Amino acid sequence: MKRPMTVLVSAALALSATATAAASQLVDRNASQVSLQVNAKDEAMVTYTAGGKVKHVLAWGAVNALPPVRGRKQVSFKLDYSGGFGKYHRPAYWTAFNGACAPYDGPALAWSVAACKAADGSYWALQSWQRALPDYGVAATAAQSGWELRLSHWTGGLPTLDITTDWSYRKYDQIFGTYSYGGVGVYGFSSSSAGNPLDSFGRNIYFDTFNSAYGHTWERENSFLTHGPKGSFCYGLFPHGSHPAGNGLKYRATAEGPGVAPDVMWHGDAPGLFDAAADQEANTTLKELGDPHCRPN
């Protein structure tokens, strides 16, 4: 993701710096000195430092998200890592960007780095979190521990991550719930055997545990797919091979936004000691999801 450093770069090279992708868009990793500007043409300019270099990334072309439709592509940004040269063939386009974005007054954002309100009333935001951490509290490599810088653009409310905690087999903590946007489930139609989405609609829930057998800080427990049609999911904190059960005092879950909607996070306390009445109530709610992958136990 290198940007041209001279005005002599060819048009072919400049155009190759423009990319597209879906989801609250990954811009870069381990960025610092981050700033966000938005202009009247519905473009955003993201400026930051990474790898010892100042970078300018121009983004445009998407807002919100489409509901899941098999065979269709989710909305996505176009990203110009030359800072606008790929789109306009103007050197140092970012110096004349004329950004004007009002202070952010929208709903609270998790992992927020920068956010603002555009003249048309839409919102833009940058968020940063560690999506690629390994499961079960395993020590992360430098690549796995990177903080991803992600861009979003939306109107209205945020995606909704609704989670309930209860118990599995009376001794392991369990979570279940739904992920939705605008009242429609967030899910995909194809995934790998490891549970990674293979289309632009699929999403994983990234689940962390606090003060568990893995350590006294937040550690990644696992990540798992949402299921159609409600965007439902469930997960039990069982032992996995040589890894102990990840029961903690607190939990949190983060999901990439559908389309270019923002990423969202849920957090809550562990359910505590087993309570038969509370477990029965939770099991009734779990059954109502109608998800064959999620059954009371």
Side-chain angles (χ1 to χ4, degrees), residues 22-23 65-74 131 134-136 158-209 220-241 243-248 251-259 261 263-272 274-297:
L66 296 172
V69 177
R70 188 183 296 274
R72 192 173 183 178
K73 289 186 177 181
Q74 184 59 276
R131 185 188 60 83
D135 298 338
Y136 314 130
L158 303 179
T160 300
L161 192 54
D162 185 13
I163 292 181
T164 297
T165 61
D166 74 331
W167 304 268
S168 186
Y169 301 110
R170 297 175 172 256
K171 62 179 179 179
Y172 301 116
D173 289 353
Q174 175 178 262
I175 68 164
F176 65 87
T178 57
Y179 185 32
S180 61
Y181 183 55
V184 178
V186 176
Y187 63 93
F189 301 95
S190 179
S191 63
S192 71
S193 59
N196 295 312
L198 295 178
D199 62 22
S200 57
F201 291 100
R203 290 294 181 269
N204 283 125
I205 307 297
Y206 297 85
F207 183 52
D208 301 330
T209 178
R220 177 64 43 80
E221 164 64 22
N222 212 326
S223 60
F224 38 88
L225 279 169
T226 60
H227 312 138
K230 296 180 180 179
S232 54
F233 54 86
C234 52
Y235 181 81
L237 287 96
F238 309 123
H240 294 268
H243 304 291
N247 286 2
Y251 301 119
R252 70 184 181 194
T254 304
E256 299 169 78
D263 300 345
V264 291
M265 182 182 70
W266 166 93
H267 61 87
D269 294 332
F274 177 75
D275 181 309
D279 187 50
Q280 184 59 46
E281 182 179 350
N283 286 344
T284 298
T285 303
L286 178 57
K287 290 177 182 178
E288 290 172 350
L289 291 181
D291 187 337
H293 301 283
C294 299
R295 297 173 179 171
N297 49 39

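Quick caveat, the model's predicted, so the values are computed rather than measured. Quick note: residue numbers are just sequence positions, from 1. All values below were derived from every heavy atom in this structure, side-chain atoms included, with hydrogens, water molecules and symmetry-related copies excluded.
For the pair Thr160/Val264, no side-chain contact is recorded, criterion being any heavy-atom separation below 4.5 Å from C-beta on. You'll find the side chain of Pro68 reaches within 4.5 Å of the side chain of Val184, heavy atoms only.
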Walk me through whether Gln174 and Tyr169 qualify under side-chain contact (heavy atoms from CB on, under 4.5 Å). CA-CA 10 Å; Gln174 175 178 262; Tyr169 301 110; over 6 Å; no
Could you go through Glu221 and Tyr136, starting from their C-alpha distance and side-chain angles, then the distance that decides it, and tell me whether this counts as side-chain contact (heavy atoms from CB on, under 4.5 Å)? CA-CA 5 Å; Glu221 164 64 22; Tyr136 314 130; 4.0 Å; yes
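Rounded to the nearest 0.5 angstrom, Leu225 CG and Ile205 CD1 are separated by 9.0 Å. Summarising the geometry, atom CG belonging to Asn204 is positioned 7.5 Å from atom OG1 belonging to Thr226; distances are rounded to the nearest 0.5 Å. Atom OG1 of Thr164 sits about 9.5 Å away from atom CD of Glu281, to the nearest 0.5 Å. Note: Ser223 OG to Tyr235 OH = 9.0 Å, rounded to the nearest 0.5 Å. How far CZ of Arg70 is from OG of Ser190: 8.5 Å, rounded to the nearest 0.5 Å. Leu66 contributes atom CG, which lies 5.0 Å from atom CD of Gln74 (distance to the nearest 0.5 angstrom).
In this structure, Asp275 contributes its side chain and Ala277 its backbone to a donor-acceptor pair below 3.5 Å. With Asp263 contributing its side chain and Gly257 its backbone, the two residues share a donor-acceptor pair below 3.5 Å. Using a distance-only test at 3.5 Å, with no hydrogens or angles considered, no donor-acceptor pair links the side chain of Asp173 to the main chain of Leu237.
Between Arg295 and Leu286, the shortest heavy-atom contact is C-CD2, 3.8 Å. Taking every heavy atom of both residues into account, Ala253 and Ile163 meet most closely at CB-CD1, 3.7 Å. When all heavy atoms of Ser180 and Gly183 are compared, the pair lying nearest together is CB-C, 4.5 Å. Taking all atoms of both residues into account, the shortest heavy-atom contact from Thr165 to Trp266 is CG2-CH2, 3.9 Å. Taking both residues in full, the closest heavy atoms of Val69 and Phe201 are given as O-CE1, 3.4 Å, listed atom of the first, atom of the second, then distance. Minimum heavy-atom separation, Val186 to Tyr181: CG2-N, 3.9 Å.
Relative orientation of the Phe274 and Trp167 rings is perpendicular, given thresholds of 30° and 60° on the angle between their planes. Under the 30°/60° scheme for interplanar angles, the aromatic rings of Phe238 and His240 are found to be tilted.
For Asp208, the salt bridge (Lys or Arg N to Asp or Glu O under 4.0 Å) partners are Arg220, Arg252, not counting sequence neighbours. Taking the ring pair (Phe, Tyr, Trp, His ring centres under 6.0 Å) definition, one finds that Tyr179 meets it with nothing, sequence neighbours left out. In this structure Tyr251 satisfies the ring pair (Phe, Tyr, Trp, His ring centres under 6.0 Å) test together with Phe207, sequence neighbours excluded.
At a cut-off of 3.5 Å, with distance as the only test, no side-chain donor of Tyr172 or Asn247 sits close to an acceptor on the other residue. A donor-acceptor contact closer than 3.5 angstrom links the side chains of Ser232 and Asp291.
In this structure, His267 places its NE2 atom where only 12 or fewer heavy-atom neighbours from other residues, nucleotides or ligands lie under 6.0 Å away.
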